[in-house]
Amino acid sequence: MLDPQLLRSDAQACAERLRIRGIELDIDRFATLDGERKRLQVATQELQSERNKQSKLIGQKKAAGEDVSAILDAVSELGARLKQHEGELDALQAEINTFLLEIPNLPHATVPEGQTESDNEELRRWGEPPQFDFEPKDHVDLGAGLEMMSFDTAAKIAGARFSFLQGPMARLHRALIQFMLDMHTQEHGYQEVYVPYIVNSDSLFATGQLPKFAADLFELRGEEGYWLIPTAEVPVTNIVRDEILAADTLPLRFVAHTPCFRSEAGSYGKDTRGMIRQHQFEKVELVQIVHPENSYDALEALTGHAERILQALELPYRVVALCGGDLGFSAAKTYDLEVWLPGQSRYREISSCSNFEAFQARRMRARFRDSATGKPALAHTLNGSGLAVGRTLVAILENYQEADGRVRIPAALKKYMGGADTLSK
RNA sequence: GGAGAGGUGGCUGAGUGGUCGAAAGCGGCGGUCUUGAAAACCGUUGACGGGCAACCGUCCGGGGGUUCGAAUCCCUCCCUCUCCGCCA
């Protein structure tokens, strides 16, 4: 949520920043709603104040044994008017709240302009795409050849956009999770957490998936307001919802491995082959809760932590800064890591690292006690994939393939694979 | 799932339908004392919103109700604890 104060004091500036996203803010609508709110709120509070005074007086007179019937009549008439005002004010505030909840975050000043993915700005590349003296296969053919991956089996069990792995490839998939968690906890200072995979609506409002993006989520049937998590960002960031943290506890760094569930509504026909885009996939997620002054340094560090995984696995990748039009709803700035996939001869997203500034914190009242003022202040929240596990498996299969269809195991993973150095039939 | 007991400020914990946003203790902050620290003593210390301000309003798990007035009474939902049942 944007700062309502900022919206009141400088709506023009907000609108200008949102234009980078290609979004037009309805300034007049807000001004009208807020003007009316102000009028109603002042009037309502005056009535409340009057009622409080009279009620107090009644108490005092009764205690003194005086007659109160005259005041009683006057005040009960006041009560009816008050109820009317309060009802109107509540309705108006609900309307304003809905309006505010649907405005995306303001992009940071360094966010490139542009509408689509193609306008993203490449910042750097790491590693060289491998040269093959044969025609490289994609992960689907490699998996089928090894008899360790079957989308037919997954489709029979569940449906489209699910995957089925078996044997050493299932183990490799698990090994990746262990490897990522170990690196982030042992080398990057994150605390591992285990969290619910089902969350309530409040949590989804807090991180920004609701109210606008309910269609992207799986909601449980028969249980009101229970949803499968689309990312660990939701349960992990909500750890600090409604908390006032001591300043010296910041920064908080959490890492969690969870499955992620996405309806992928609206992505029909996109990435239908293989395990690039699934209803269910595993992800190791990094989350940081930091002092506002440090959040952009933290974004660089967090992105670096995700990059370290790709480097350790010796997978070529590039880093791009998302343009305004490609930026997620809650993010002020996002770096995507894109890994090289020989099966597609292109870089594909494998991690997305964002600074949300106070956008999520304001929605969830995540605060810390500012040592300078002694007052609670909003923290900044960040998160990033470290990494998407399924896509990392895809990248390993495709980058480490041999002419005969075998796949070498990256050196960093061997100890997680019982010393094996290839996947082979 | 059944029965019972509870949810109050950063924490523990009092609370009568009428100056209760809330006693007390702990913790925090400031001070006195001390070479310094501890102890002791004194003072101070909730959040959110509106207003230039004086100040006003809201908040005692969430929502609704009764009342001139609700932390206190009623309804409902959520959560925690104890016992029983079931179970990984």
Side-chain angles (χ1 to χ4, degrees), chain A residues 1-10 30-101 194-206 210 220 222-227 235 238-250 252 289 358 360-379:
Chain A
M1 197 157 77
L2 299 187
D3 183 357
Q5 307 273 20
L6 182 65
L7 216 46
R8 276 182 210 126
S9 63
D10 204 352
F30 180 73
T32 305
L33 287 173
D34 192 57
E36 181 62 8
R37 184 226 95 228
K38 191 160 168 177
R39 191 189 66 73
L40 250 178
Q41 184 166 349
V42 169
T44 304
Q45 292 188 354
E46 271 168 13
L47 285 173
Q48 287 173 326
S49 176
E50 185 58 25
R51 181 215 46 206
N52 290 346
K53 268 187 211 141
Q54 297 298 334
S55 294
K56 215 161 258 185
L57 196 62
I58 289 169
Q60 287 165 358
K61 293 216 177 209
K62 267 195 163 173
E66 295 176 40
D67 177 54
V68 294
S69 52
I71 316 180
L72 232 46
D73 292 345
V75 182
S76 68
E77 185 271 337
L78 195 148
R81 274 199 295 157
L82 181 57
K83 193 157 263 181
Q84 166 89 16
H85 272 74
E86 282 176 337
E88 286 175 29
L89 183 61
D90 282 353
L92 187 59
Q93 273 174 338
E95 195 176 346
I96 291 172
N97 203 37
T98 302
F99 180 80
L100 290 174
L101 283 172
Y194 170 78
V195 294
Y197 302 157
I198 295 172
V199 293
N200 56 38
S201 300
D202 285 348
S203 293
L204 288 158
F205 271 98
L210 290 179
L220 298 197
E223 291 284 353
E224 202 61 37
Y226 273 130
W227 312 73
N238 272 278
I239 291 170
V240 296
R241 170 151 56 91
D242 286 315
E243 298 287 340
I244 300 174
L245 305 160
D248 61 12
T249 61
L250 300 182
L252 291 172
I289 315 295
Q360 294 180 326
R362 185 172 291 108
R363 287 174 166 238
M364 67 172 75
R365 296 162 303 280
R367 293 158 293 170
F368 67 99
R369 197 166 292 282
D370 191 324
S371 44
T373 63
K375 293 287 170 196
L378 293 172

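Just so it is clear, the model here is predicted, and its values are computed rather than measured. So you know, we letter chains A, B, ... as the sequences are listed, proteins then strands, and number each from 1. The basis for the numbers below is simple: all heavy atoms, side chains too, and nothing from hydrogens, waters or symmetry mates.
Shown here are the side chain to side chain contact (heavy atoms under 4.5 Å, CB included) partners of A:Glu46, two or more places apart in sequence or in another chain: A:Val42. Applying the side chain to side chain donor-acceptor pair (under 3.5 Å) test to A:Asn52 and every residue at least two apart in sequence or in another chain returns nothing. Judged as a side chain to side chain contact (heavy atoms under 4.5 Å, CB included), and not counting sequence neighbours, the contacts of A:Asp202 are A:Asn200, A:Arg241. The salt bridge (charged side-chain N to carboxylate O under 4.0 Å, His left out) check on A:Asp370 picks up nothing, with sequence neighbours excluded. A:Lys61 pairs by the side chain to side chain contact (heavy atoms under 4.5 Å, CB included) definition with A:Leu57, A:Glu66, A:Val68, A:Ile71, not counting sequence neighbours. For A:Glu50, the side chain to side chain donor-acceptor pair (under 3.5 Å) test picks out A:Gln54, with sequence neighbours left out. Here A:Leu245 pairs with A:Val240, A:Glu243, A:Thr249, A:Leu250, A:Leu252, A:Ile289, A:Phe368 under the side chain to side chain contact (heavy atoms under 4.5 Å, CB included) rule; sequence neighbours left out.
Protein chain A contacts RNA chain B from B:G18 to B:G69, reading 5' to 3' and using non-hydrogen atoms of the protein with a distance under 4.0 Å.
A heavy atom lying under 4.0 Å from RNA chain B marks the following residues of residues 47-61 of chain A, by number: A:Gln48, A:Ser49, A:Arg51, A:Asn52, A:Ser55, A:Ile58, A:Gly59. A heavy atom closer than 4.0 Å to some atom of RNA chain B occurs in A:Lys83, these being the qualifying members of residues 83-98 of chain A.
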Both distances under 3.5 Å, Watson-Crick or G-U wobble: on that basis, could you give the dot-bracket string for RNA chain B, with [ ] for crossing pairs and | for other-strand partners?
((((((((.[[[..)..(.....]]]((((((.......))))))(((((....))))).[[[[[..)....]]]]])))))))....
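Separating the C1' atom of B:G10 from that of B:U16 is a span of 28 Å, rounded to the nearest Å. Between B:G25 and B:U19, the distance separating the two P atoms is 22 Å to the nearest Å. For the P atoms, the distance from B:C83 to B:G9 is 26 Å, rounded to whole Å.
At a threshold of 4.0 angstrom between heavy atoms, the contacts of A:Arg365 with the nucleic acid are absent. As judged by a 4.0 angstrom heavy-atom cut-off over every strand, A:Glu243 is placed among residues making no nucleic acid contact. Contact annotation for A:Arg8: backbone-only contact, meaning every heavy-atom pair under 4.0 Å involves sugar-phosphate atoms and none involves a base.
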Let me have the donor-acceptor pairs involving side chains of residues 80-87 of chain A, under 3.5 Å, with sequence neighbours excluded, atom names and distances please.
{"unit_1": "A:Gln84", "atom_1": "NE2", "unit_2": "A:Glu88", "atom_2": "OE2", "d": "2.7"}
{"unit_1": "A:His85", "atom_1": "ND1", "unit_2": "A:Arg81", "atom_2": "O", "d": "3.2"}
{"unit_1": "A:Glu86", "atom_1": "OE2", "unit_2": "A:Gln48", "atom_2": "NE2", "d": "3.0"}

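Not a single donor-acceptor pair under 3.5 Å links the side chain of A:Arg37 to the backbone N or O of A:Gln93.
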